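Here is the structure we will look at, set down as structure tokens.
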Amino acid sequence: MTRAACPGSFDPVTLGHVDIIARTSRLFDEVVVAVGVNDSKRVMFNTDERVGLLEEVLADLPNVRVMTFSGLLVDFCTEHDISAVVKGLRAVSDFDYELQMAQMNSTLARVDTLFMPTSPAYSYLASSLVKEVARHGGDVSEHVPPVVLAALKEKLAG
Ligand code: PNS
């Protein structure tokens with residue numbers, strides 16, 4: 001049984017995330033989408049909202065489940081028998097920090113990181129940009145699943 005983690009904040013999940021998770025689900029028996037809970041990070045969607053959106057969006061991928069974690073990612077992986085972390089790389093600018101984290105993580109536990117190039121259609125996409133554009137009334141319907149679009153509209157209206 002091969003099990004991988006796709007970790008992130010997912011505030012909120014974008015089509016770029018879905019692309020990486022779906023492609024990872026074709027390579028591993030099981031994929032755990034690991035939603036980081038970090039109380040010091042300002043988020044638009046709380047943990048339950050982020051998990052709920054991910055569950056709806058990923059419902060048609062039978063070998064994918066969504067879990068939360070706090071503390072070190074490698075501890076979560078060890079606890080759940082996860083041997084690989086899969087991270088999407090959008091551009092060279094992502095690489096430095098991701099490499100640093102991957103190397104640190106590999107010294108902390110027997111967890112390897114695999115980098116998956118983002119599909120070109122999503123290479124500029126980031127949750128932070130989606131939120132910024134949506135906050136200013138821009139159209140993000142091409143960048144997020146419909147359920148996330150509705151959640152963004154509701155959040156920003158309230
Ligand atoms: O979507 P994000 O915000 O880029 O996700 C970052 C995340 C949650 C994957 C990363 O911050 C993380 O792994 N946090 C857990 C804490 C940890 O293990 N830190 C040490 C990294 S070397």
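Not measured: the values here are computed from a predicted model. Both counts, for ligands and for their atoms, begin at 1 and track the order of listing.
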Give a table of atom pairs where an N or O of ligand 1 lies under 3.5 Å from a protein N or O.
| residue | atom | partner | partner atom | Å |
| --- | --- | --- | --- | --- |
| ligand 1 | 1 (O) | S9 | N | 2.9 |
| ligand 1 | 3 (O) | S9 | OG | 2.6 |
| ligand 1 | 3 (O) | K41 | NZ | 2.8 |
| ligand 1 | 18 (O) | L73 | N | 2.9 |

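Between the side chain of T14 and the backbone N or O of G16 there is at least one donor-acceptor pair closer than 3.5 Å.
Using modelled atom types and a 3.5 Å distance limit, the side chains of D11 and S127 yield no donor-acceptor pair.
Within 6.0 Å of CG on D81 lie no more than 12 heavy atoms contributed by other residues, nucleotides or ligands.
Under 4.0 Å is where a charged nitrogen must lie from a carboxylate oxygen, and between R65 and E30 at least one such pair does.
Counting only heavy atoms from C-beta outward, the side chains of L152 and V130 approach each other to under 4.5 Å. For the pair V85 and D112, the minimum side-chain heavy-atom distance is 4.5 Å or more.
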